[in-house]
Amino acid sequence: MNNLCKINTSLLGMSGIVDQLNSCLDNPPHLFLVGFSGTGKTTLAKEFLSTYFKRHNISKKEEADYYVEISSHQDRGIHTFRQILNDHVRWIVPRKGVYRWIIIDDCDTLPAISQQALRRPMETYSHITRFLFISQNQEALIAPLQSRCHIIVIEPTNDRN
């Protein structure tokens, strides 16, 4: 494992957030990134995962086997969610000590019933899988999921340097 890899971002005013994410690289919890539109949540999530994979010697080609992204343009119904989750957590054999990731961008638009369906996989597969939620509104994610996540609030920055 390459312990020297750290998140390198071009986003301004994010050193505190980057420090928090860097501290999660070796033993990542489920993550929940919250902030207004345009604050860099999705960019930071992608930079975090890229660094995580680099740190664990996962090649660019292998990365696709280690994460699945569910975004607002996809069907977010409970059956679709269950199928995506089952396909991802059951069929891909990860390297020991490297988590698979399920990224749910714009979880603001995720129906409560679909969120409730995530609770069991978060518990059942926590030894091999991590969730990364991204939202503009912290209250959009149900409390049982929030309680299982490290929540990082990203504030807008006025830093123009």
Side-chain angles (χ1 to χ4, degrees), residues 1-74 76 81 84-85 87-89 92-110 114-115 118 121-122 125-142 145-161:
M1 183 175 4
N2 183 352
N3 289 325
L4 299 176
C5 288
K6 298 260 186 206
I7 298 168
N8 184 15
T9 187
S10 61
L11 298 174
L12 300 175
M14 293 292 163
S15 60
I17 301 298
V18 169
D19 289 345
Q20 284 186 62
L21 290 169
N22 277 326
S23 72
C24 295
L25 286 168
D26 285 328
N27 189 19
H30 300 291
L31 294 170
F32 182 25
L33 303 180
V34 181
F36 293 111
S37 179
T39 55
K41 300 176 303 292
T42 302
T43 298
L44 285 169
K46 289 179 180 182
E47 291 172 347
F48 170 81
L49 288 176
S50 177
T51 304
Y52 176 81
F53 293 136
K54 233 184 263 181
R55 196 168 181 133
H56 293 279
N57 298 313
I58 302 297
S59 71
K60 286 285 186 195
K61 183 179 178 185
E62 292 173 297
E63 282 183 19
D65 293 337
Y66 282 87
Y67 80 93
V68 63
E69 185 173 357
I70 302 168
S71 59
S72 59
H73 67 277
Q74 292 176 306
R76 299 168 76 85
F81 245 64
I84 290 168
L85 291 171
D87 288 349
H88 186 65
V89 298
I92 299 166
V93 180
R95 287 188 198 163
K96 185 176 178 159
V98 180
Y99 290 105
R100 290 177 278 190
W101 289 85
I102 298 168
I103 299 100
I104 303 174
D105 203 349
D106 298 326
C107 70
D108 314 67
T109 63
L110 188 62
S114 295
Q115 291 185 43
L118 296 175
M122 282 180 83
Y125 299 107
S126 66
H127 62 292
I128 57 173
T129 302
R130 288 292 182 261
F131 283 77
L132 196 160
F133 298 99
I134 303 169
S135 176
Q136 292 184 39
N137 178 3
Q138 187 170 342
E139 289 74 34
L141 193 64
I142 61 173
L145 297 183
Q146 282 193 48
S147 69
R148 289 163 173 77
C149 293
H150 176 67
I151 300 170
I152 299 176
V153 178
I154 302 171
E155 299 288 343
T157 180
N158 291 329
D159 190 351
R160 304 220 185 268
N161 295 329

Which heavy atom in [X] sits nearest to a heavy atom in [Y], and how many Å separate them?
X	Y	answer
M14	E155	CE-O, 4.4 Å
Q115	A140	NE2-O, 2.9 Å
Y99	N27	OH-OD1, 4.1 Å
L110	S114	CD1-CB, 3.7 Å
G35	K41	O-NZ, 3.0 Å
V18	I7	CG1-O, 3.8 Å

How many angstroms lie between [atom1] in [X] and [atom2] in [Y], if you round to the nearest 0.5 Å?
X	Y	atom1	atom2	result
I152	L31	CD1	CG	5.5 Å
D106	N137	CG	CG	12.0 Å
D105	K46	CG	NZ	7.5 Å
H150	S23	NE2	OG	6.0 Å
L21	L44	CG	CG	6.0 Å
L141	R148	CG	CZ	11.0 Å

| note | residues 14-38 vs ring pair (Phe, Tyr, Trp, His ring centres under 6.0 Å), sequence neighbours excluded, gives H30-F131
| Taking side chain as C-beta onward, heavy atoms only, is R95 less than 4.5 Å from N57? | yes
| query | Any side-chain heavy atom of E62 within less than 4.5 Å of one from H56? | reply | no
| field | Audit row: F48, L132, side-chain contact (heavy atoms from CB on, under 4.5 Å) steps and yes/no | value | CA-CA 10 Å; F48 170 81; L132 196 160; 4.2 Å; yes
| By side chain to side chain donor-acceptor pair (under 3.5 Å) - contacts of T51 (at least two apart) | none
| query | Excluding sequence neighbours, so at least two apart, what forms salt bridge (charged side-chain N to carboxylate O under 4.0 Å, His left out) with K60? | reply | E63
Examine distances only and state if a side-chain atom of [X] and a backbone atom of [Y] form a donor-acceptor pair shorter than 3.5 Å.
X	Y	value
R55	L25	no
Q146	Q138	yes
D108	Q136	yes

| More than 12 heavy atoms from other groups under 6.0 Å of OH on Y67 | no
| What's the verdict on side-chain contact (heavy atoms from CB on, under 4.5 Å) for Y52 and W101, showing C-alpha distance, side-chain angles and the deciding distance? | CA-CA 11 Å; Y52 176 81; W101 289 85; 3.3 Å; yes
